[in-house]
Amino acid sequence: MRVPMIAGNWKMNTTVSEALELVKAMRAGLDEVDNVDKVICPPFISLAAVGELIKGSSIKLGAQNIYFEEMGAYTGEISPLMLAELCEFVIIGHSERRQYFNETGEIVNKKIQAALKVGLKPILCIGERLEENEAGLTAEVVTEQLRSALTGIGYLSGLVIAYEPVWAIGTGKAATGEQSNETIGLIRRNISELYDKEIAQGVRILYGGSVTAANAAEFVRQLEIDGALVGGASLKAAEFLSIVKQTSEIRGH
Ligand code: PGA
């Protein structure tokens, strides 16, 4: 049985004090919901303070990025060892990083390896761009991104995958539940081929892209979809809480 997960990707939003306010506004409500993994991913600089604030609660913490070297002369980067002390999850290969920071499949692969090595659980993001979708290339692109990210990786302990069609991110134009269920099914079949059926059945695969309280149910109701990676809507305490509650009602029992 896969435990559903709702993860909030705060992206480059909130100062440290704003992050703490946001956590305070959602902490008690989130803590009341069982049967769903609730993960928040604030900016790096807030991880320590937010971590203190959620100590003893059931809320889990994730980072939004990682560097693949463990230490050294890499000015401005954050290493796996630093993150392992602060959080449980790390988003890797988000389309914004691929698009604006030139992250290639090879870099994503190195980051996944680096995270797994220190026991961090990667949330690997994959998804096709609009023109690829329109050209009917979704299956091909997603398969290529997945296989490249997992090259040479022998075990997937704790890996979570987020299928995020790029055209649906931040656009208010979400995919349909049915479309994403189909693609997520394809991702699971690929994992089964790369590893085995049992591993594929155990990996959680989320949908991401314009998820809101109004459409979350459509996704978490699907058999293959194990939750959501939520951007914009995770910055509003009541809305994020509503998504988590709906997921618990639909999937959590
Ligand atoms: P969005 O972002 O919910 O604002 O579309 C999702 C994401 O980028 O993870």
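Starting from 1, each residue takes its place in the sequence as its number. As the structure lists them, so they are numbered: ligands from 1, and atoms in each ligand from 1. Keep in mind the model is a prediction, meaning the values are calculated, not measured.
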Legend entry - Name of the residue among I126, I92, T151 meeting side chain to side chain contact (heavy atoms under 4.5 Å, CB included) with V108: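 That would be I92; it is the only one of I126, I92, T151 passing the side chain to side chain contact (heavy atoms under 4.5 Å, CB included) with V108.
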Proximal ligand 1 atoms for [X], defined as those under 4.0 Å from one of its heavy atoms:
| X | result |
| --- | --- |
| A168 | 5 (O) |
| G209 | 5 (O) |
| S210 | 1 (P), 3 (O), 5 (O) |
| H94 | 7 (C), 8 (O), 9 (O) |
| L229 | 9 (O) |

Using a strict 4.0 Å threshold on nitrogen-to-oxygen distance, state whether [X] and [Y] make a salt bridge.
| X | Y | answer |
| --- | --- | --- |
| E88 | K121 | yes |
| K245 | E32 | no |
| K117 | E70 | yes |

Inset, instruction - Please state whether A162 comes within less than 4.0 angstrom of ligand 1, counting heavy atoms only. - result: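 Not so, A162 does not reach ligand 1.
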Inset, instruction - Check if A233 has a non-hydrogen atom at a distance under 4.0 Å from any atom of ligand 1. - result: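 No, A233 has no heavy atoms under 4.0 Å from ligand 1.
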Distance to 0.1 Å, residue and atom name: give those for the protein heavy atom nearest to [atom].
| atom | answer |
| --- | --- |
| atom 9 (O) of ligand 1 | E164 OE2, 2.7 Å |
| atom 2 (O) of ligand 1 | K11 NZ, 3.2 Å |
| atom 3 (O) of ligand 1 | G231 N, 2.8 Å |
| atom 4 (O) of ligand 1 | G232 N, 2.9 Å |

Legend entry - For D226, the option from R221, R188, R204 that meets salt bridge (Lys or Arg N to Asp or Glu O under 4.0 Å):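 For D226, the salt bridge (Lys or Arg N to Asp or Glu O under 4.0 Å) test succeeds with only one of R221, R188, R204, which is R188.
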Side-chain donor-acceptor pairs of residues 16-29 under 3.5 Å, sequence neighbours excluded:
from, atom 1, to, atom 2, distance (Å)
S17, OG, T15, OG1, 3.4
E18, OE1, T15, N, 2.9
R27, NH1, L53, O, 3.1

Legend entry - Heavy atoms of other groups near E182 CD, more than 12 under 6.0 Å: no
Inset, instruction - Please work out whether any backbone atom (N, CA, C, O) or any side-chain heavy atom from C-beta onward of N9 is under 4.0 Å from ligand 1, and answer side chain, backbone, both or neither. - result: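 Under 4.0 Å from ligand 1, N9 contributes side-chain atoms alone.
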Inset, instruction - Examine G170 against ligand 1 and note whether any of their N/O atoms are separated by less than 3.5 Å. - result: yes
Inset, instruction - Using a 4.5 Å cut-off on heavy atoms from C-beta on, say whether the side chain of E132 contacts that of T138. - result: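 They are not in side-chain contact.
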Inset, instruction - Please check if I191 and V160 belong to a single hydrophobic cluster, counting links between Ile, Leu, Val, Met, Phe, Trp and Tyr side chain heavy atoms closer than 4.5 Å. - result: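 Per the 4.5 Å side-chain linkage, I191 and V160 are not co-clustered.
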